[in-house]
Amino acid sequence: MVVVVNDINCCVRLNNHQLTVLIFDSGVGGLSIYQELRVLLPYIRYLYFFDNEVFPYGESSHLSILDRVNSIFRAVCRYHKLDLVIIACNTATVTFLETVRSCFFFPIIGIIPDIRLGIRCTRNGVVGLLATYRTINSKLILNIINRLSTHCNILLLSASELVRCVEDKVLNNKQVSINLLYEIFSPWLSLSKKPDTIILGCTHFLHLEYEFRLIFQKRVCLVGSSKNLAYRIACLLKNSNMYVGNIGVKTIENQAYCSVITDTVFMQWSLVLYRYGFSSLAEISV
Ligand code: DGL
C-alpha cells in the first residue's frame with residue numbers, strides 16, 4: 001500500500017497509535033501518579049477510573065476487591081483499547097496484583113510503599129510506614145520489611161479513616177482535623193525517638209503533606225511512591241519504544257470515569273478533574 005502524506009506527523013501516526021493508559025484508584029489518591037506521569041509523558045491519552053461505589057478499599061475484603069477490579073478493567077475495555085493499566089492504589093496492589101495480571105493481556109503496573117527509599121532517607125534509624133489496614137497487614141509488605149529493615153526500626157501504623165478525610169479535603173474543601181491526626185499519630189508521638197521519615201503507603205496520603213508537616217515538623221522526610229513510579233514507567237515506555245512523543249494528535253482528551261455518578265458526585269469531582277486537565281467525567285457501571 002502506498003500512502004502519500006505531506007504532514008510528517010501524520011506519517012508517524014500511521015505507524016504509531018496514541019497510547020491509552022488507564023490509571024485506577026478507589027478515589028482521589030491516584031491523581032498524584034497521573035500528575036507526575038503527565039509531566040513526563042504528555043502525549044499519552046490518560047483515562048482515570050475511581051471506584052466511588054465501593055470506596056474505600058482499605059475496609060473491604062480481599063476477594064471482594066479482586067472481583068471488583070477484574071470487573072472494572074473488563075468494563076473499561078468495552079470502551080477503550082488499553083495499552084497499560086496502572087493500579088494507583090497500594091491496597092489493591094499488595095492484595096492481588098499478580099492474580100489480576102494473569103487475567104488480562106495488557107501490562108498492569110501497581111504501586112507499593114517505597115520502603116527501600118524510606119530506609120535510605122532516615123537519619124535516626126526510625127521509619128514510620130503509614131497505610132491502610134489492609135496494606136499494613138499484607139504478606140508482601142511484611143516480607144519486604146523483614147528483608148530490608150536489618151539496620152533500622154520500621155514502625156507500622158494503619159490509618160484507614162484518613163482516606164475518607166482526604167476525599168473530603170480534596171472534593172469538599174473540608175479541613176482535616178488536626179486533633180484527629182494527633183490521635184492517629186499518638187503511638188509515634190509518644191516515643192522518645194520518633195520517626196524522622198514517614199513512608200506514605202497510601203496514595204491518598206500524598207494530599208496531606210502539609211498536615212503531616214504540621215504534626216511532625218517541617219524537617220520530617222515524607223516518602224511517597226508516585227514520583228519514582230512515574231519515572232520508572234516513563235523509562236519503561238520510552239526504552240521499549242512504546243512512547244514516541246508527539247505523534248501529531250492535536251488535542252489529547254483525558255477522560256475520567258467512576259462507577260456511579262449522581263449530581264453530587266458530578267459537582268464534587270468536576271472542578272477537581274478540570275484542574276487536573278480532564279475533559280469529561282462519565283459513569284461506567286460495573
Ligand atoms: N489510594 C488507596 C491506597 O493507596 C486508598 C485505599 C482505600 O480506598 O482505602 O491504598
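Nothing here was measured: the structure is a model prediction, and the numbers come from that model. We count ligands from 1, going down the list as the structure has it; atoms in each ligand are counted the same way.
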Check: Asp114 side chain, Gly224 main-chain N or O, donor-acceptor pair, under 3.5 Å: no
Aromatic ring pairing Tyr48/Phe50, orientation class (parallel under 30°, perpendicular over 60°, tilted between): tilted
For Tyr57, the ligand 1 atoms whose distance to one of its heavy atoms is below 4.0 Å: 7 (C), 8 (O), 9 (O)
N or O contact, Thr135 vs ligand 1, cut-off under 3.5 Å: no
Ligand-residue contact atoms, ligand 1 with Asp25, heavy atoms, under 4.0 Å: 1 (N), 2 (C)
Under 3.5 Å: N/O of Glu59 near N/O of ligand 1: no
Polar contact flag, side-chain donor to acceptor under 3.5 angstrom, Tyr276-Asn254: no
Residue, atom name and distance, where the atom is the protein heavy atom closest to atom 5 (C) of ligand 1: His204 ND1, 3.3 Å
Pair Arg101 + Glu98, salt bridge at N-O below 4.0 Å: yes
Heteroatom proximity flag, Gly58 to ligand 1, N/O under 3.5 Å: yes
Ser26 N/O to ligand 1 N/O under 3.5 Å: yes
Nearest protein heavy atom with distance in Å, relative to atom 1 (N) of ligand 1: Thr203 OG1, 2.7 Å
Under 3.5 Å side-chain donor-acceptor pair for Thr122 and Asp196: yes
Selection from Thr91, Ile65, Leu31 by shortest heavy-atom distance to atom 6 (C) of ligand 1: Thr91
Over 12 non-hydrogen atoms of neighbours within 6.0 angstrom of CZ in Arg123: yes
Heavy-atom donor-acceptor pair, Asn52 side chain to Ser259 backbone, under 3.5 Å: yes
